[in-house]
Amino acid sequence: MSWMRRVLAVLAVCVLLLTGSVGCGSGDTGGTGEPEAGESATPVGRLLDATDEAGRRYREVDEEHAPEVGVEVQPDADDSWDVRLTVRDFRFSPAGTEAKAVAGRGVAHLFLDGDLLTRLRGPDHRLAADLVPRGTHQLTVRLYADDGTVWAVDGEPVESTADITASDAEPTEATRPEEIEDQASPARTAAR
């Protein structure tokens, strides 16, 4: 009878192995960290061949599941700029987060006229006045997954852009009040 128990035990193990109840299912990587044949190496979305300026690949997600971002910029009294991001279907990842793409999570990169200024792990940022020279500029925020890929919809990065215009703190020479009075004085004298 003990041989019958052994046969039943072997059959039970075979059934467990065949049904994947022992950890041999599609999620097991055999300890190698590499996905098995037929598994997607991409945890979320689909990697595209398109890249950003720094060579980071786009991670395409359906519009229905895509994160969204908006940017608002307000001048501050000290000539700096308050930058406020509004996000939807997106969470900022804390420092030290594993470099893995998780749906709707990651960091934002802030660009001024196409040049990377900083990476943001929250919705608020103060942009120093000396980083924004006189003139009109484009401030762009783009969302990235924690693995460094760019969140994208229909082949376009998930981003938002705002125009900001910086002017000199001092009036220009033509508009200084003392010069206007000096220029007006000879005319007043001649009229008297």
Side-chain angles (χ1 to χ4, degrees), residues 26-27 33 35 39-172 174-175:
S26 64
E39 271 193 317
S40 170
T42 309
V44 63
R46 180 174 58 97
L47 287 177
L48 303 179
D49 290 332
T51 63
D52 71 357
E53 302 82 5
R56 294 181 185 93
R57 291 179 68 183
Y58 286 10
R59 181 175 297 281
E60 179 84 24
V61 290
D62 294 332
E63 187 172 359
E64 180 181 337
H65 300 102
E68 296 177 26
V69 65
V71 61
E72 181 180 340
V73 185
Q74 295 292 323
D76 206 357
D78 64 354
D79 293 329
S80 65
W81 301 86
D82 287 326
V83 179
R84 174 83 178 153
L85 308 182
T86 53
V87 294
R88 188 170 141 212
D89 296 331
F90 185 79
R91 293 183 335 264
F92 289 97
S93 297
T97 300
E98 182 182 358
K100 172 182 166 184
V102 175
R105 192 177 81 187
V107 298
H109 288 197
L110 194 63
F111 299 88
L112 183 66
D113 297 331
D115 295 326
L116 178 64
L117 291 177
T118 190
R119 290 169 184 84
L120 303 176
R121 295 192 176 275
D124 299 309
H125 181 71
R126 166 100 15 130
L127 186 58
D130 62 341
L131 293 176
V132 185
R134 185 170 193 252
T136 300
H137 305 276
Q138 287 190 327
L139 188 71
T140 301
V141 62
R142 184 178 299 151
L143 298 183
Y144 288 77
D146 290 318
D147 66 352
T149 56
V150 182
W151 290 114
V153 174
D154 295 329
E156 296 296 322
V158 175
E159 64 183 26
S160 184
T161 300
D163 287 340
I164 58 174
T165 302
S167 58
D168 291 335
E170 299 292 320
T172 62
T175 60

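Quick caveat, the model's predicted, so the values are computed rather than measured.
- Annotation: side chain of Arg56 is not in contact with side chain of Thr51 (no heavy-atom distance under 4.5 Å).
- Residues Asp52 and Tyr58 come closest through the heavy atom pair N-CE1, 3.5 Å.
- Gln74 pairs by the side-chain hydrogen bond (donor to acceptor under 3.5 Å, both in side chains) definition with Glu72, not counting sequence neighbours.
- The shortest heavy-atom contact between Val153 and Ala66 is CG2-CB, 3.2 Å.
- Looking at residues two or more places apart in sequence or on another chain, you find a side chain to side chain contact (heavy atoms under 4.5 Å, CB included) between Ala128 and Asp130, Leu131.
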task = Using the side chain to side chain contact (heavy atoms under 4.5 Å, CB included) rule, take Leu143 and Glu159 through it: C-alpha gap first, then chi angles, then the decisive distance, then the call.
result = CA-CA 6 Å; Leu143 298 183; Glu159 64 183 26; over 6 Å; no

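- Thr161 pairs by the side-chain hydrogen bond (donor to acceptor under 3.5 Å, both in side chains) definition with Thr140, not counting sequence neighbours.
- Side chains of Ile164 and Leu112 form a contact here, defined as non-hydrogen atoms less than 4.5 Å apart.
- Every salt bridge (Lys or Arg N to Asp or Glu O under 4.0 Å) that Glu53 has, sequence neighbours left out, goes to Arg142.
- Scored by the salt bridge (Lys or Arg N to Asp or Glu O under 4.0 Å) test, Asp89 finds no partners at all (sequence neighbours excluded).
- In terms of heavy atoms, Val107 sits closest to Phe90 at N-CZ, 3.7 Å.
- Leu139 is listed as a side-chain neighbour of Leu127, based on a closest heavy-atom distance under 4.5 Å.
- Within the 3.5 Å criterion, the main-chain N or O of Asp79 finds no donor-acceptor partner in the side chain of Asp76.
- With sequence neighbours excluded, the residues that form a side-chain hydrogen bond (donor to acceptor under 3.5 Å, both in side chains) with Ser80 are Asp78.
- In terms of the side chain to side chain contact (heavy atoms under 4.5 Å, CB included) criterion, residue partners of Ala101 (sequence neighbours excluded) are, by chain and number, Pro43, Val44, Arg59, Ala145, Asp147.
- Among residue pairs with one or both ends in residues 93-117, those qualifying as ring pair (Phe, Tyr, Trp, His ring centres under 6.0 Å) are His109-Tyr144; sequence neighbours excluded.
- For residues 108-124, the pairs satisfying salt bridge (Lys or Arg N to Asp or Glu O under 4.0 Å) are Arg84-Asp124, with sequence neighbours left out.
- Residues meeting the side-chain hydrogen bond (donor to acceptor under 3.5 Å, both in side chains) test with Ser93, sequence neighbours left out: Arg105, Asp146.
- Residue pairs meeting the side chain to side chain donor-acceptor pair (under 3.5 Å) criterion with at least one member in residues 60-69, sequence neighbours excluded, are Glu68-Arg88.
- In this structure, the side chains of Val61 and Pro67 come closer than 4.5 Å at one or more pairs of heavy atoms.
- Closest approach of Trp81 and Thr165 over heavy atoms only: CH2-O, 3.2 Å.
- Heavy atoms only, all atoms of each residue included: Gly122 and Phe92 are closest at N-CD2, 3.5 Å.
- For Thr118, the side chain to side chain contact (heavy atoms under 4.5 Å, CB included) criterion is met by Leu110, Leu120, His125, not counting sequence neighbours.
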